[in-house]
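Everything below concerns the one structure shown next.
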Amino acid sequence: MEDNTVEEKKELRYAIVYSLLLTALLWIVQIVDVLFSLNLKQYGLHPLETDGLSGIFTMPFLHADWEHLISNTPPLLALIGGLFLFYRRGAWKILFSLYVVSGLLTWFMGRNSTHIGASGLVYALAAFHFVSGVIKKENRQRAFALLVSFLYGGFVWAFFPTLYIGTSISWEGHLSGLLTGIIFAFYYRQEGPQPPPNPFPEEEEEDGEERDAGI
């Protein structure tokens, strides 16, 4: 029992450290951009342009302003931390999959504009956590995703284009993230926490026999 507690504390510590380090990269990029007036936003994702493919990797690190970055930071910290907590070593490949595919989908469906920000990755992570929790009947993961989505604010509405007419918000990035999270929740359904065992297997077997007998 004591060994399990030590291991859990260790995993929690790793999850916090990885989450802080990965999110700190976004802040470092923003600070360098502002200090040296580099205008790094020009290197964001440009849909359906060959030169814009590099934006799949740069988009999450670039933000329009401090407010944009600050709004993405809390959910990103929580969702990345949750990913490493629930999935441990498998978290890296899941995070990379969500990161690349959400960007690729945005590149395919995005408007003719420069897309920047980590919102797409936030939506991918939140959708992944929630749908995984539903598939596996894993209440902790499902509740975790719902809590983060609630605190993030406006999560459900942020991928409807009609709500953002005349704005610079990339609803395509949000929608791409949502779809990516759902896809990989099914693809990685054998990873991480699994459905709880049935506490009454004999009862379920008896019910099945009764149905077969036409009762």
Next on the checklist: I'd like to know if Y18 and F86 are part of one continuous hydrophobic network [Ile/Leu/Val/Met/Phe/Trp/Tyr, side-chain heavy atoms within less than 4.5 Å].
Outcome noted: yes

Item to check | L38: side-chain contact (heavy atoms from CB on, under 4.5 Å) partners, not counting sequence neighbours | outcome: V32, D33, F36, L40

Checklist entry - Which heavy-atom pair separates A118 from P60 by the least distance, and what is that distance? => result CB-O, 3.5 Å

Next on the checklist: Could you measure the distance from the CH2 atom of W171 to the CG atom of L178? Nearest 0.5 Å is fine.
Outcome noted: 12.0 Å

Next on the checklist: Test of understanding: clusters of I, L, V, M, F, W, Y form through side-chain heavy atoms closer than 4.5 Å, transitively. Do L35 and Y43 belong to the same one?
Outcome noted: yes

Checklist entry - Do L69 and L26 have side chains that get closer than 4.5 Å, going by heavy atoms? => result yes

Checklist entry - If you group Ile, Leu, Val, Met, Phe, Trp and Tyr by side-chain heavy-atom gaps below 4.5 Å, do L77 and L125 land in one group? => result no

Next on the checklist: Does atom CG (N112) have a neighbourhood of more than 12 heavy atoms from anything else shown, all under 6.0 Å?
Outcome noted: no

Item to check | Steps toward side-chain hydrogen bond (donor to acceptor under 3.5 Å, both in side chains) verdict (T106, S176) | outcome: CA-CA 6 Å; T106 304; S176 296; 3.2 Å; yes

Checklist entry - To the nearest 0.5 Å, what is the distance between NE2 (H63) and CD (Q30)? => result 7.5 Å

Next on the checklist: Are F128 and Y87 an aromatic pair, judged by ring center distance below 6.0 Å?
Outcome noted: yes

Checklist entry - H46: what forms a side-chain hydrogen bond (donor to acceptor under 3.5 Å, both in side chains) with it, not counting sequence neighbours? => result T114

Item to check | Student check: side-chain heavy atoms of I16 and L12 closer than 4.5 Å | outcome: yes

Next on the checklist: Restricting to side-chain hydrogen bond (donor to acceptor under 3.5 Å, both in side chains), what partner residues turn up for E172, sequence neighbours left out?
Outcome noted: R111

Checklist entry - Should D65 and H68 count as side-chain neighbours, where that means a heavy-atom distance under 4.5 Å? => result yes

Checklist entry - If we only count heavy atoms from C-beta on, is the T180 to L105 side-chain gap below 4.5 Å? => result yes

Checklist entry - Hey, any chance F96 and L53 share a hydrophobic cluster, counting ILVMFWY side chains that come within less than 4.5 Å of each other, even indirectly? => result yes

Checklist entry - Do the side chains of L95 and L121 get nearer than 4.5 Å, heavy atoms only? => result yes

Next on the checklist: I need the minimum non-hydrogen distance between A15 and G81, along with the two atoms involved.
Outcome noted: CB-O, 3.4 Å

Checklist entry - Looking at side-chain heavy atoms only, is the closest gap between N72 and S119 below 4.5 Å? => result yes

Item to check | Exceeds 12 heavy-atom contacts within 6.0 angstrom, atom CG of N39 | outcome: yes

Item to check | CZ on F130 to CD1 on I135, rounded to 0.5 Å | outcome: 10.5 Å

Next on the checklist: Return the CD1 to CZ distance between I94 and R89, rounded to the nearest 0.5 Å.
Outcome noted: 14.5 Å

Checklist outcome for this item: Here the gap from L45 atom CG to F57 atom CZ, rounded to the nearest 0.5 Å, amounts to 10.5 Å

Checklist entry - Is there a side-chain contact between W27 and I70, using heavy atoms and a 4.5 Å cut-off? => result yes

Item to check | Y188 and S97: CA distance, side-chain angles, deciding distance, side-chain hydrogen bond (donor to acceptor under 3.5 Å, both in side chains) verdict | outcome: CA-CA 10 Å; Y188 288 117; S97 299; 2.9 Å; yes

Checklist entry - Are any of the side-chain heavy atoms of L83 and W92 separated by less than 4.5 Å? => result no

Checklist entry - Linking I/L/V/M/F/W/Y whenever their side-chain heavy atoms sit closer than 4.5 Å, directly or via other members, would I28 and V34 fall into one cluster? => result yes

Next on the checklist: Between S102 and A124 (side chain of the first, backbone of the second, donor and acceptor by atom type, cut-off under 3.5 Å), is there such a pair?
Outcome noted: no

Checklist entry - Measuring from L25:CG to L20:CG, what's the distance to the nearest 0.5 Å? => result 11.5 Å

Next on the checklist: So does P193 get a backbone contact from the side chain of K136, meaning a donor-acceptor N/O pair under 3.5 Å?
Outcome noted: yes

Checklist entry - Parallel, tilted or perpendicular: which fits the ring planes of F61 and Y99, with parallel below 30° and perpendicular above 60°? => result perpendicular

Checklist entry - Parallel under 30°, tilted from 30 to 60°, perpendicular over 60°: which one fits the rings of F144 and H129? => result perpendicular

Next on the checklist: Give me the atom names and distance for the closest heavy-atom approach of M59 to I116.
Outcome noted: CG-CA, 3.6 Å

